[in-house]
Amino acid sequence: MTPFEYLKKTEKKRMDDLFAWLRFASVSARSEYKKELIACAKWTRNHLSAIGFKSKVYPTAGHPIVYAEYLVDKKLPTVLYYGHYDVQPVEPLNLWKSKPFEPEVRSGYIYARGAVDDKGQTFAQIKGIEAVLKATGTLPVNVKMVIEGEEETHPSHLPAFLKKNKKMLRADVVVVSDTAQFSKTHPAVTFGLRGIAAVEVFVKGPNRDLHSGSFGGAVANPVTVLCNMVAQLHDKNGRVAIPGFYSGVKPPNKWMKTQFKKLPFSEAAYKRSVGVKALGGEKGFTPFERTWARPTCEINGITGGYQGEGHKTIIPSLASCKITMRLVPGQDPHDICNKIEKYLKKIAPPSVELKISKQGGARAVVVPTDSPWLDAARAAIKKGFGKEPVFMMEGGSIPIVNDFKQTLGLDTLLIGFAQNDDNTHSPNERFRIIDFERGCKTAAALPEALATVK
Ligand code: BES
Ligand code: MN
Ligand code: MN
């Protein structure tokens, strides 16, 4: 039996097992789900043990880390696989067509929170490795696997875990399936990710909510003040107005720009897909450059005052917002957090008190494009998808990829199976079944391809 035949034979069971994994409400950002994350980690360990891995759950001060390994021979290359079993919050619930933790198949898609980000994609890697192991009785590489429960939230205890377990995690290359393909007709290898820096801003006004009739006019409104400040984060050309924000920014090199130009782009289709009449962003750059190679500053949420039914005439005592900035090579998350703090403090009027909580983040990632591992990834995708991949970048962030380089000295292969319309972080998250299946095949072809790298 070949690995592909094994995959064919186990199709139904594979789907059932993925559904079992998806049923855990492993929302890492919310403490009320702590037990679900623990149960999910245990299920993951048990599943890997049943395949034949030596597997263990490592508790942390936050959510547990699952580590597993299948070691064949010291002389073979060692591949470290990474994925995350935690998921984003599901709100707003009323927009889901089926319940987020009751996976359902509709028109060729699996619908569930985590279907594609990242349980489904991680599962494809696991099942691909299992197929090779069951079909051939062994693996052509040593496999180590880290599956964390804190990718979607802050802080993650994985960087410290890497530092503490350097020897256990010794490997030659990292493989991550947590990105998207370019499109339904173009599988991809991703050679760069943006970094991220996060802050939360609190604007405090009067010592309590005030009657807006009695006090309005004499006391500054924190919501108005915050909106004013937020409006000063960009200039009229869509550039971030924080002083020094762009200092040190490295533009993409010639090879990267050539890859961008090779990729088809229809502005009309893009606008239609997200439901807007016109695009926004920084003047003078293409949409690929704006989302992959330029840093940004985004308000992720803003709140203050009364939000319930009817009117409540008050001057709210507090307003706040959550901001994340996407970073490109040359920018440091701590430096960027300091710069936005300094700027907001400068523009805040004396009528309010400003508090800023700086949460740090991660640097951008660039995979060396001349690495022989990339050729192996390309060959595996060719087998799995029946098509050559394109090389592209992504605007999203996978913070730990930096630590793989800094702490373990390892480059990462980003081989994603998602689509941009899979609704990651949105209601009705989904994974196209055919992408899942091709992902499994790619994963089954990958160990052999990696084994031949010199
Ligand atoms: N899988 C995504 C990263 C991603 C998104 C890669 C889009 C490529 C395209 C990951 O799970 C994620 O959402 N990361 C967060 C990190 C943050 C919470 C620190 C992100 O990018 O917002
Ligand atoms: Mn992810
Ligand atoms: Mn995510």
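Quick caveat, the model's predicted, so the values are computed rather than measured. For this chain, numbers begin at 1 and follow the sequence in order. Start at 1 and go down the list; that is how both ligands and their atoms are numbered.
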Original post:
Hey, is the main chain of G304 close enough, under 3.5 Å, to the side chain of Q307 for a donor-acceptor pair?
Top reply: yes
Subject >> Identity and separation of the nearest protein heavy atom to atom 16 (C) of ligand 1 >> reply: S397 O, 3.6 Å
Original post:
Using a distance threshold of 2.8 Å, what protein N/O/S atoms lie below it relative to the Mn ion (ligand 3)?
Top reply: D117 OD2, E152 OE1, E152 OE2, H425 NE2
Subject >> Check: T179 N/O within less than 3.5 Å of ligand 1 N/O >> reply: no
**OP:** Tell me which protein heavy atom sits closest to atom 17 (C) of ligand 1, plus the residue, atom name and distance to 0.1 Å.
**Re:** I196 CD1, 4.1 Å
Original post:
Which heavy atom of the protein is the closest neighbour of atom 6 (C) of ligand 1, given with residue, atom name and distance?
Top reply: D178 O, 3.5 Å
Original post:
Between the main-chain N or O of M168 and the side-chain N or O of N165, is there a donor-acceptor pair closer than 3.5 Å?
Top reply: no
**OP:** Please check if the side chain of E150 supplies one atom and the backbone of H157 the other of a donor-acceptor pair under 3.5 Å.
**Re:** yes
**OP:** Please check if any side-chain donor atom of H63 sits under 3.5 Å from a side-chain acceptor atom of D86, or the reverse.
**Re:** no
**OP:** Would you check if there is a donor-acceptor pair between the side chains of Q331 and Y246 at a distance under 3.5 Å?
**Re:** no
Original post:
Cation over ring, R106 on Y111, under 6.0 Å and within 45°?
Top reply: yes
**OP:** For ligand 1, indicate whether the residue H425 contacts it via side chain, backbone, both or neither (heavy-atom separation under 4.0 Å).
**Re:** side chain
**OP:** Kindly give the heavy-atom pair with the smallest separation between V143 and F53, and that separation in Å.
**Re:** CG1-CE2, 3.6 Å
**OP:** Would you please say whether a donor-acceptor pair under 3.5 Å links the side chains of T78 and N142?
**Re:** yes
**OP:** Check each atom of ligand 1 against the heavy atoms of H84 and keep those under 4.0 Å away; list them by number with element.
**Re:** 11 (O)
Subject >> Shortest reach to atom 7 (C) of ligand 1 by a heavy atom, considering only G396, G360, A180, A362 >> reply: G396
Subject >> Atoms in ligand 1 with a heavy atom of R326 nearer than 4.0 Å >> reply: 20 (C), 21 (O), 22 (O)
**OP:** Counting heavy atoms only, name the option from M393, E150, E151, Q359 that's nearest to atom 12 (C) of ligand 1.
**Re:** E151
Subject >> Minimum side-chain heavy-atom gap Y81-K144 below 4.5 Å >> reply: no
**OP:** Report yes if the side chains of I129 and I51 come closer than 4.5 Å at any heavy-atom pair, otherwise no.
**Re:** no
Original post:
If we ignore angles and hydrogens, is there a donor and acceptor under 3.5 Å between the side chains of Q125 and S177?
Top reply: yes
Subject >> Per-atom contacts of ligand 1 with E394, taking only distances under 4.0 Å to non-hydrogen atoms >> reply: 8 (C), 9 (C)
**OP:** Please could you name the atoms of ligand 1 that P399 approaches to less than 4.0 Å, counting only its heavy atoms?
**Re:** 19 (C)
